[in-house]
Amino acid sequence: MRKILKQEFFNRNASIVARDLLGKFLVRKMGRKEIVLMITETEAYDGSHDKASHAHKGKTARTEIMFGPAGHLYIYLCYGMYYMLNVVTGPKEYPAAVLIRAAKLWTSDVQSLDGAPIKDWRASLCDGPGKLTKFLKIDKKLNALRASPKAGLWFEDRGVKIKKRDIKKTPRVGVGYAGPVWSKKKMRFVLCC
DNA sequence: ACGATGATGAAC
DNA sequence: TTCATCATCGTA
């Protein structure tokens, strides 16, 4: 089973999408080379009331994409050095997105099995949103594009089932500025090892 | 523990 | 136009 995730998958609550993206696949294609990763860590940024979200300050040139259609890519430069990869969620005009924080490299032999049960997905790891985008050569050129083969970056369901007990919920990383309430909300989802 | 490094948003 | 801040990471 290999199904490209469509807008309807992303057009839901950001925390739901963040949770459901665990065990889904991120595919990056550049020329003939295709890299497949299984998503292992995400964070939800949900609505303009979310003080940790860039959209908390309203619609600006940067955050406009978060108000756009679900399934589009929101990519921005962080700390002057690292690009963050997000995918927009929820209905139009409702600003929300999911940050992809970590993913595991799918080995080529497993990749060729096409839907076979997964054994070796702990082999290689992209841990950290900045390292992930660096590895996949993701930058602002992809910002505002719809996640799709045409963009060279898309999401797939390959039939991996994730058990609820393998998902850990924690506060989001690096959002102390959001204040005591919003910085503590458990909107980070980690696939346990 | 800290510096690299530049876009962003708000103040002026 | 200046300024503080920042959804990070590698080096120490």
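First the proteins, then the strands, lettered A, B, ... as listed; each starts at 1. Side-chain atoms are counted along with the backbone in the values below, which use heavy atoms only and exclude waters and symmetry mates. For clarity, every value in this text was computed on a predicted model and none was experimentally measured.
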Separation of atom NZ in A:Lys185 from atom P in C:dA7, rounded to whole Å = 18 Å
To the nearest angstrom, the CE-C1' distance between A:Met84 and C:dC9 comes to 9 Å
Would you kindly give the OH-to-C1' distance between A:Tyr79 and C:dC9, to the nearest whole Å?
-> 10 Å
State whether A:Arg188 places a side-chain N or O below 4.0 Å from either non-bridging phosphate oxygen (OP1 or OP2) of C:dA7.
-> no
B:dT8 C1' sits how many Å from A:Glu64 CD, rounded?
-> 15 Å
Given B:dT8, C:dA7, C:dC9, which nucleotide is nearest the side-chain atoms of A:Lys140?
-> B:dT8
Return no unless some side-chain N or O of A:Lys134 is found under 4.0 Å from OP1 or OP2 of C:dG10.
-> no
Does NZ or CZ of A:Lys59 come closer than 6.0 Å to the centre of the six-membered ring of A:Phe67, within 45° of the ring's axis?
-> yes
Respond yes when some side-chain nitrogen or oxygen of A:Arg62 is under 4.0 Å from OP1 or OP2 of B:dG9, and no when none is.
-> yes
Out of C:dT8, C:dC6, B:dG9, minimum distance to the side chain of A:Tyr177 belongs to C:dC6
Shortest side-chain distance from A:Pro129, nucleotide among C:dC9, B:dG9, C:dA7 = C:dC9
Starting from the C-alpha separation in whole Å, work towards a yes-or-no answer on side chain to side chain donor-acceptor pair (under 3.5 Å) for A:Tyr83 and A:Asn143.
-> CA-CA 10 Å; A:Tyr83 290 101; A:Asn143 188 40; over 6 Å; no
C:dC9 P sits how many Å from A:Leu77 CG, rounded?
-> 13 Å
So, the side chain of A:Glu43 versus the backbone of A:Val173: is there a donor-acceptor pair under 3.5 Å, distance only?
-> yes
A:Met81 CE - B:dG3 P separation (whole Å) | 12 Å
Calculate the interatomic distance between A:Trp182 atom CH2 and C:dA7 atom C1'; express it in whole Å.
-> 15 Å
When we call it a touch if two heavy atoms are under 4.0 Å apart, what does A:Ala52 touch: a base, just sugar-phosphate, or nothing?
-> base
Do you see a donor-acceptor pair shorter than 3.5 Å between the side chains of A:Asn86 and A:Tyr76?
-> no
Picking from B:dT8, C:dC9, C:dA7, which would you name as closest to the side chain of A:Tyr82?
-> C:dC9
Can you measure from NZ (A:Lys184) to CZ (A:Arg172) and round to the nearest 0.5 angstrom?
-> 13.0 Å
State which of C:dA7, C:dG10, B:dT8 makes the closest approach to the side chain of A:Lys131.
-> C:dG10
Contact class for A:Gly80 vs. all strands (heavy atom < 4.0 Å): base, sugar-phosphate, or nothing?
-> base
Closest to side chain of A:Thr63, choosing from B:dG9, C:dC9, C:dA7 | B:dG9
Length of the NE2-P vector between A:His54 and B:dG9, whole Å = 9 Å
